[in-house]
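Comments concern the structure below.
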Amino acid sequence: MELAGARPGPPFTVTLDGDEIDALPGQTVAAVLWSAGITSWRGTRGSGAPRGVFCGIGVCFDCLVVVNDRPNQRACLVPVTPGDAIRTQEGTGHDELG
Amino acid sequence: MSKRLTCDVVVVGAGMVGAACALYLARAGLVTLVLDRGPVAGGTTGAGEGNLLVSDKEPGPELDLALLSGRLWHDLAAEPGIGGAVEFEAKGGIVVASDAEGMAALTGFAAGQRAAGVEAQVVDADRLTDLEPHLAPGLAGGVRYPQDCQVMPSLAAAQVVRAARRAGAELRTGSAVTDILRAPDGSVRGVRTTGYGDVHAPVVVNAAGTWGGEVAALAGVHLPVLPRRGFVLVTEPLPPGTVRHKVYAADYVADVASGDAGLQSSAVVESTAAGPVLIGASRERVGFDRTFSLPVVRRLAAQATALFPFLGTVHAMRAYLGFRPYLPDHLPAIGADPRVPGLYHACGHEGAGIGLAVGTGHLIAQSLTGGPPDLDLTPFRPDRFTGAGEER
Ligand SMILES: Cc1cc2nc3c(=O)[nH]c(=O)nc-3n(C[C@H](O)[C@H](O)[C@H](O)COP(=O)(O)OP(=O)(O)OC[C@H]3O[C@@H](n4cnc5c(N)ncnc54)[C@H](O)[C@@H]3O)c2cc1C
Ligand code: FES
């Protein structure tokens, strides 16, 4: 096997519901959360059932999460940047409407 | 399949219109077979929206059909298991005007509709946000149409097919009709299919939607159904109550009635039971071109955010498109074709086929069982097109 020999840039931190977690440049939100052992970060609109990554490629919209106050971001697609404030999402994430 | 298929009526097409025809035919006691080359709701029914509108229709035959259909939808929705399953909502519509001139035109239009049996209530500018809290400020007023309703079209077609089957109809999908068989005297004696050979029946109902012209041609008759493309934008799910009615700007009515091939759009905004808000729909005559058009959906988005500024802060998850079955005078073809005994048409409902389907099915069943139809079918005559200078 030939190793890719990836040399990621210097790590940085982001927060999940205020708690710091480590991240590497180029990682998606989902990759960061998984690396930290977190597999669910959303409750469904109906029953509040836990959700995380399902398809991993941006198709299923299961992995929705709040990033820097914008709800319904697909964690499997959005790359992290230093200091991102990630929050778990309940329901539509749009309680301000309704 | 060795057993030869025989029935009273073959319905070609399992979209909303074919489903409704099958339901009322089966309930009238006719042995009915529905055939579709694809799945149920695989045509335009699965590619549009489910507004059941009276608000956008001027007095005339289409409005009469919409009012009849509205009553039948209410009856259907009240049957056990149907209303909830098709997401029927009698939510009402609100048409808004942006300036005094538009408001005057709108109230004039509404007065004419009221005389034709439509419930239409003028809403003053300062009361609009009582009805729709997130509506843009500064509108000149609106008209509320309590009879406007909504269903989820694919579910509606599927549930109505199911009800038709409970009433004895048979459904066969994945089998195209490739010919309409005729007796020596020219009358219909069945259809040729790719999946089940020849099916014998003295009556064929053409419910092939945008492809209704092709099916008519199989019987040698001219019916100029054309595709009119529409895009719909779908937002991320939003909390219930964010958008309460079907809301659109008064210019929409002019777009619907336009014969222009160029792009028309004015956003109709409605929420769905699943949460996403639908923003539809554009109207263009560009054949069966499925190419995504950013300018079109951008314009829809801009018009929708002009009505509901908060939409500017929510995501559009996706857009989809469909091809409305369009006849040159904007009326469907409904009833017997005098040129071919046994051939009936139920197609060409353009942007209103979900709503008008039930009235259409009911009228087709009435004309086949010999009773006097609830509406005069003359304006819907399928042989009204001569082929000359009509494709405007
Ligand atoms: C963007 C958009 C928005 C819309 N919004 C609304 C709305 O809000 N309210 C409303 O009432 N209407 C709306 N419409 C219009 C509505 O969708 C159509 O009028 C309606 O779906 C037509 O139904 P139908 O059953 O006639 O046609 P279809 O659903 O297209 O069904 C025809 C069927 O015939 C089948 N078929 C064709 N040829 C053959 C053959 N040779 N053999 C076997 N089967 C065949 C096809 O496979 C298809 O399933 C909208 C349409 C669009 C595109
Ligand atoms: S996991 Fe499917 S869209 Fe992200």
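Lettering follows sequence order; numbering is per chain, from 1. Computed from a prediction, not measured in an experiment: that's the story for all the values here.
For B/T313, the part lying under 4.5 angstrom from a heavy atom of chain A is the backbone only. Looking at B/P240, the atoms closer than 4.5 Å to chain A (heavy atoms on both sides) all sit in the backbone: N, CA, C or O.
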Inset, instruction - Decide side-chain contact (heavy atoms from CB on, under 4.5 Å) for B/R229 and B/D289; before the verdict, give the C-alpha distance in whole Å, the side-chain angles of both, and the deciding distance to 0.1 Å. - result: CA-CA 8 Å; B/R229 185 172 76 177; B/D289 182 358; 3.9 Å; yes
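The main-chain N or O of B/M16 is found under 3.5 Å from a side-chain atom of B/T45 such that the two form a donor-acceptor pair. B/E119 contributes no side-chain N or O that, together with a main-chain N or O of B/P146, makes up a donor-acceptor pair within less than 3.5 Å. Without hydrogens or angle criteria, B/R244 side chain to B/G241 main chain gives a donor-acceptor distance under 3.5 Å.
Salt-bridge annotation for B/D124 and B/R127: absent, with no side-chain N of the basic residue lying under 4.0 Å from a carboxylate O of the acidic one.
In summary, the aromatic rings of B/F88 and B/H74 are positioned with their centroids under 6.0 Å apart.
B/M152 is listed as a side-chain neighbour of B/S154, based on a closest heavy-atom distance under 4.5 Å. For the pair B/L128 and B/I94, the minimum side-chain heavy-atom distance is below 4.5 Å.
Remark: of the listed residues B/L233, B/V243, B/T235, B/T235 is the sole one forming a side-chain contact (heavy atoms from CB on, under 4.5 Å) with B/L311. Applying side chain to side chain donor-acceptor pair (under 3.5 Å) to B/H245 and the options B/E270, B/E132, B/K91, B/E89 leaves one that passes, B/E132.
Residues from residues 13-49 of chain A that place a non-hydrogen atom less than 4.5 Å from a non-hydrogen atom of chain B comprise A/R45, given in numerical order. For a heavy-atom cut-off of 4.5 Å, chain B lies close to A/P71, A/N72, A/Q73 in residues 71-91 of chain A.
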